[in-house]
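Positions are given from 1, in the same order as the sequence printed here. All heavy atoms count here, side chains included; hydrogens, waters and symmetry mates do not.
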Amino acid sequence: TLAKSDLKFDTVLATDVLYDIQSWDPLLQTVVKSLRDEGIFLLSHVPRAALPEGEEISLEDYLILHAESYNLHRISTLRPSDLSDKFDVEMEETGASIFIFQKTRRDTGPA
């Protein structure tokens with residue numbers, strides 16, 4: 001299995017996987033174990049998950065800040081309109097985005 005493997009990837013891609021915010025930590029743990037230092041993590045995201053009780057930031061900010069605690073630092077965010085003017089306006093309005101993170105050297109999990 002990947003968890004027992006020493007195999008590391010240059011890029012990890014996750015698309016439309018966050019239906020429950022509780023899956024964010026396991027996803028980040030898997031990404032960090034699978035990604036080489038300085039590797040790239042692409043998250044194609046359409047907001048569907050609800051934030052934990054009491055959070056007072058946006059879902060997008062929560063995802064970015066939490067990823068940083070795993071040493072995955074956002075280097076860019078792409079919106080549908082950044083990719084093509086032919087995208088449906090609805091995708092832009094829903095908050096759909098692609099987050100591009102880069103892994104730094106320390107990969108021990110949340111600080």
Side-chain angles (χ1 to χ4, degrees):
T1 66
L2 186 56
K4 296 178 182 177
S5 174
D6 289 333
L7 189 61
K8 300 283 184 178
F9 297 93
D10 294 332
T11 305
V12 172
L13 171 66
T15 181
D16 203 19
V17 295
L18 289 175
Y19 291 87
D20 181 349
I21 200 66
Q22 301 303 321
S23 64
W24 190 222
D25 274 313
L27 176 61
L28 291 172
Q29 291 166 5
T30 301
V31 167
V32 168
K33 287 178 185 174
S34 306
L35 198 58
R36 70 168 176 79
D37 289 345
E38 309 302 321
I40 300 295
F41 170 44
L42 297 158
L43 174 66
S44 175
H45 174 66
V46 176
R48 292 186 172 89
L51 283 172
E53 190 75 29
E55 286 292 336
E56 297 191 17
I57 61 174
S58 69
L59 177 60
E60 183 173 305
D61 288 343
Y62 177 87
L63 296 175
I64 293 166
L65 289 170
H66 206 63
E68 287 177 355
S69 73
Y70 282 85
N71 298 305
L72 294 166
H73 300 282
R74 183 179 53 129
I75 57 175
S76 186
T77 300
L78 299 174
R79 308 282 179 205
S81 61
D82 296 331
L83 303 174
S84 171
D85 59 359
K86 298 187 183 348
F87 270 99
D88 189 336
V89 172
E90 185 178 319
M91 288 300 290
E92 187 84 27
E93 291 173 353
T94 64
S97 57
I98 298 172
F99 299 124
I100 304 171
F101 296 96
Q102 185 169 34
K103 179 183 171 189
T104 57
R105 294 194 180 272
R106 198 185 104 229
D107 62 356
T108 58

R79 side, atom CZ; S97 side, atom OG - distance, nearest 0.5 Å: 5.0 Å
Using a 4.5 Å cut-off on heavy atoms from C-beta on, say whether the side chain of D37 contacts that of T104. no
Any L13 side-chain heavy atom under 4.5 Å of L43 side chain: no
Taking atom CG of L28 and atom CG of N71, what is their separation to the nearest 0.5 Å? 11.0 Å
Tightest non-hydrogen contact, residues S58 and L51, listed as C-CD1, 4.0 Å
Which of parallel (below 30°), tilted (30 to 60°) and perpendicular (above 60°) describes F101 and W24? tilted
Do Q102 and H73 pass the side-chain contact (heavy atoms from CB on, under 4.5 Å) test, and can you show the C-alpha distance, the side-chain angles, and the key distance before you say yes or no? CA-CA 5 Å; Q102 185 169 34; H73 300 282; 5.6 Å; no
Where do L18 and S23 land on the side-chain contact (heavy atoms from CB on, under 4.5 Å) test, with the steps shown first? CA-CA 7 Å; L18 289 175; S23 64; 3.4 Å; yes
Apply side-chain contact (heavy atoms from CB on, under 4.5 Å) to residues L63 and I21 and explain how you reach the verdict. CA-CA 9 Å; L63 296 175; I21 200 66; 3.8 Å; yes
In Å, rounded to the nearest 0.5 Å, how long is the span from CG of L42 to CD1 of I40? 7.0 Å
Rounded to the nearest 0.5 Å, what's the gap from CD on Q22 to CG on L27? Could you check? 13.0 Å
So do the side chains of L65 and I57 get within less than 4.5 Å of each other, counting heavy atoms only? yes
More than 12 heavy atoms of other residues, nucleotides or ligands under 6.0 Å from CD of E38: yes or no? yes
Interatomic distance, S34 atom OG to K8 atom NZ [nearest 0.5 angstrom]: 7.0 Å
With heavy-atom distances below 4.5 Å as the criterion, would you say the side chains of L72 and V32 are in contact? yes
Less than 4.5 Å apart, side chain to side chain, heavy atoms only: is that true for L59 and H45? yes
Cluster link V31 to Y19, ILVMFWY, side chain under 4.5 Å: no
Separation between OG (S44) and CG (L78), nearest 0.5 Å, reads 10.0 Å
Is the backbone N or O of F41 less than 3.5 Å from a side-chain atom of K103, with the two atoms forming a donor-acceptor pair by type? no
